[in-house]
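Nothing fancy with the numbering, it's 1 onward along the sequence.
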Amino acid sequence: MAGRGGLLMLENFIGGKFLPCSSYLDSYDPSTGEVYCHVPNSGKEEVEAAVEAARAAFPGWSSRSPQERSQVLQRLADLLEQSLEELAQAESKDQGERGKTITLARTMDIPRAVHNFRFFASSILHHTSECTQMDHLGCLHYTVRAPVGIAALISPWNLPLYLLTWKIAPAIAAGNTVIAKPSELTSVTAWMMCRLLEKAGVPPGVVNIVFGTGPRVGEALVSHPEVPLISFTGSQPTAERITQLSAPYCKKLSLELGGKNPAIIFEDANLAECIPTTVRSSFANQGEICLCTSRIFVQRSIYSEFLKRFVEAARMWKVGIPSDPSADMGALISKAHLEKVRSYIKKARMEGAQILCGEGVDKLNLPPRNQAGYFMLPTVITDVKDESCCMKEEIFGPVTCVVPFDSEEEVIQRANNVKYGLAATVWSGNVGRVHRVAKKLQSGLVWTNCWLIRELNLPFGGMKSSGVGREGAKDSYEFFTEVKTITVKH
């Protein structure tokens, strides 16, 4: 609906209806710095209404067969696919919700959102239960799984619909009802999806979306006694707060947090494949993906050659307005985040590191209307110590550090020497080395000679401070259900 000044005004979606809110937040267009739309500034009252709607919908939805729920998810996938271009435009900068390029929204974000519903619509039909016999006692034991109840789903701003649907799809496929809180910075595509739910046959109250901030909506949601499980993707400090608030209720938690992901490039790596892929893994989506590479370890014998070619390739990446199909990178999410990322470049300079390209080195060319946007060039840092904050902390921007190493044992120790353990990449033509190094890295995911090739059947998640739990076909099903063991004596 149209709001103040003709700008888009979003509404909460509760119990199958769009409901206005008493106060609103301004949402900014990252490519211009101007207000784009108004987002509900919801609180406890709206969360309570969503809990009531989800509670009322749970008995009917959970009693449906997996086949019936699967059909609803398939219809929703079809409707999202039919709206792909409209959703891609909204997810991108063209209609201002984010700095994401239209190309990435068209080729990754929205197709993956569609696939999330298709995938879990299929996988819910293929789970099996366990059964054992104790003939000497005349007993048969078997397990059954049942949906947990109301699921709180909190998704981040970097991949809005992609990650929101990654949570909604398995939750409702398993028979739960959900209350989702998208990031207040990127709410439009979630609101657009709500318009398709009734048409897909999703009953009122099965999916509720409450917009707003973490302190107001998030805290009310995760501390609600009738919400038994929480799936969260975001920062470690927020995860710590969620853990504290939910602890008195012993809630089920799935926490997918940050990463400080290494790429390890051995001297026998195929640089013709490695360099363009590592540029992409470092700077895709402005580096605003938890799986992006931010530490590149290169074996010393090829370090100079790699660095020269990598910087040349990074300079070829086009930073432009997100509606430009030829742009490789758009704008960062907010002014505050841009300043945070820039602060790491300043710290690196103060520590004596070299900035080989990007911020403060190369000129950023933008149209006059976008001069106030939150843009930044791909930036490569060298001569940086492992103890530097640039090598330890998640920057979450188009910044990567490149350093040399000598031996396999040394680089494994250095790669593991951070508090995070989400993802890593290894580049080598030696199959034995690839398996050996992958096994020793403290990472939930290791890609070798590739990046971001996902198999949704297998577990996704991190070690150490990168999170708790895993997501995927089997793991998500187990998280969104409770298992019960039944013994029958005959």
State, yes or no, whether a side-chain contact exists between H337 and E288 at a heavy-atom distance under 4.5 Å. yes
Could you check whether atom NZ of K199 has more than 12 heavy atoms from other residues, nucleotides or ligands sitting under 6.0 Å from it? no
Please give me the minimum heavy-atom distance between T293 and T400, naming the atom from each residue. O-OG1, 3.5 Å
Gap separating the CG atom of L80 from the CZ atom of F117, nearest 0.5 angstrom: 6.0 Å
Regarding R454 and the six-membered ring of W447, is the cationic atom NZ or CZ under 6.0 Å from the ring centre and inside 45° of its axis? no
Going through the checks in order, is the ring pair (Phe, Tyr, Trp, His ring centres under 6.0 Å) test met by F396 and W157? CA-CA 12 Å; F396 217 64; W157 49 257; 5.5 Å; yes
Taking G205's backbone N and O only, do any of them form a donor-acceptor pair with N208's side chain (distance below 3.5 Å, no angle check)? yes
Return yes if some donor-acceptor pair links the side-chain N/O of Q286 with the main-chain N/O of G330 below 3.5 Å, else return no. yes
Does E198 have more than 12 heavy atoms from other residues, nucleotides or ligands lying within 6.0 Å of its CD? no
Does the T448 side chain pair with the main chain of V426, one donor and one acceptor, at a distance under 3.5 Å? no
Whether K181 side chain and G212 backbone form a donor-acceptor pair below 3.5 Å: yes
Verify side chain to side chain contact (heavy atoms under 4.5 Å, CB included) between Y28 and S334, making sure each step is shown before the conclusion. CA-CA 8 Å; Y28 289 85; S334 68; over 6 Å; no
Is a side-chain N or O of D26 found less than 3.5 angstrom from the main chain of H38, in a donor-acceptor match? no
Check against side chain to side chain contact (heavy atoms under 4.5 Å, CB included), V178 and K167: CA-CA 9 Å; V178 306; K167 297 179 185 300; over 6 Å; no
Under a 4.0 Å threshold between the charged nitrogen and the carboxylate oxygen, would K392 count as salt-bridged to E387? no
Which value, rounded to the nearest 0.5 Å, describes the distance between I124 atom CD1 and L73 atom CG? 9.0 Å
For R55, enumerate each residue passing the salt bridge (Lys or Arg N to Asp or Glu O under 4.0 Å) test, keeping only those at least two apart in sequence or located in another chain. E226
Nearest heavy-atom approach of L456 to H115 is CD1-CD2, 3.4 Å
Residue pair Q67 / Q71, side-chain donor-acceptor N/O under 3.5 Å: no
Apply side chain to side chain contact (heavy atoms under 4.5 Å, CB included) to M391 and D386, showing your working. CA-CA 6 Å; M391 288 285 280; D386 286 5; 3.5 Å; yes
Without swapping roles, check the side chain of N261 against the backbone of R295 for a donor-acceptor pair under 3.5 Å. no
Side chain to side chain, P111 and L84, heavy atoms closer than 4.5 Å: yes
Going by distance alone, is a donor N or O of one side chain under 3.5 Å from an acceptor N or O of the other, for E393 and Y344? yes
Using only heavy-atom distances, determine whether the side chains of S466 and K419 contain a donor-acceptor pair under 3.5 Å. no
Among side-chain atoms of E471 and W166, is any donor-acceptor pair under 3.5 angstrom? yes
Test item: L76 and L197 side chains (from C-beta on) under 4.5 Å apart, heavy atoms: yes
Got Q89 and E86 here, is their nearest side-chain heavy-atom distance under 4.5 Å? no
Can you check salt bridge (charged side-chain N to carboxylate O under 4.0 Å, His left out) on R118 and E81, steps first, answer last? CA-CA 11 Å; R118 291 234 168 93; E81 191 167 50; 3.1 Å; yes
Please report the shortest heavy-atom distance between E256 and L422, naming the atom on each side. OE2-CD2, 3.7 Å
Grab the two heavy atoms, one from P30 and one from I333, that are nearest each other, plus how far apart they are. CG-O, 3.6 Å
Quick check: does any side chain N or O of W451 sit under 3.5 Å from a backbone N or O of L291, one acting as donor and the other as acceptor? yes
Measure across W191 and L8 and return the closest heavy-atom pair with its distance rounded to 0.1 Å. CH2-CD1, 3.7 Å
Student check: side-chain heavy atoms of M329 and P378 closer than 4.5 Å: yes
For the residue pair V188 and L10, establish whether any side-chain heavy-atom pair is separated by less than 4.5 Å. yes
Out of curiosity, N12 CG to I209 CD1, how far, rounded to the nearest 0.5 Å? 9.5 Å
Report the distance from atom CE of M108 to atom CG of L452, rounding to the nearest 0.5 Å. 6.5 Å
If you draw the axis of the six-membered ring of Y477, does the NZ or CZ of K474 fall within 45° of it and under 6.0 Å from the ring centre? no
Can you confirm whether Y24 sits close enough to P40 that some side-chain heavy atom of one is under 4.5 Å from a side-chain heavy atom of the other? yes
Donor-acceptor list for residues 137-155 side chains, cut-off 3.5 Å, not counting sequence neighbours:
unit_1 : atom_1 : unit_2 : atom_2 : d
H141   : ND1    : T487   : OG1    : 2.8
T143   : OG1    : E130   : N      : 2.9
R145   : NH1    : T481   : OG1    : 2.9

How long is the straight-line distance from CG of D29 back to CD of E34, given to the nearest 0.5 Å? 7.0 Å
Are side-chain heavy atoms of Q82 and L79 found at a separation under 4.5 Å? yes
Just by distance, with hydrogens left out, do Q236 and E240 show a side-chain donor and acceptor under 3.5 Å apart? yes
Please report the interatomic distance CD1(I168) to CG(L163), rounded to the nearest 0.5 Å. 11.5 Å
If you look at every heavy atom in K340 and I395, which pair is closest and at what distance? NZ-O, 4.1 Å
Do T238 and S235 have a side chain donor and acceptor closer than 3.5 Å? yes
Determine, stepwise, if the pair L229 / L253 fulfils side chain to side chain contact (heavy atoms under 4.5 Å, CB included). CA-CA 6 Å; L229 77 169; L253 296 181; over 6 Å; no
Can a salt bridge be assigned to the pair K17 and E11 using a cut-off of 4.0 Å between side-chain N and carboxylate O? no
Does the S187 side chain pair with the main chain of S183, one donor and one acceptor, at a distance under 3.5 Å? yes
Side-chain (S70) to main-chain (A121) donor-acceptor, under 3.5 angstrom: yes
Indicate yes or no for a side-chain donor-acceptor contact from T101 to the backbone of L104 under 3.5 Å, with no hydrogens or angles considered. yes
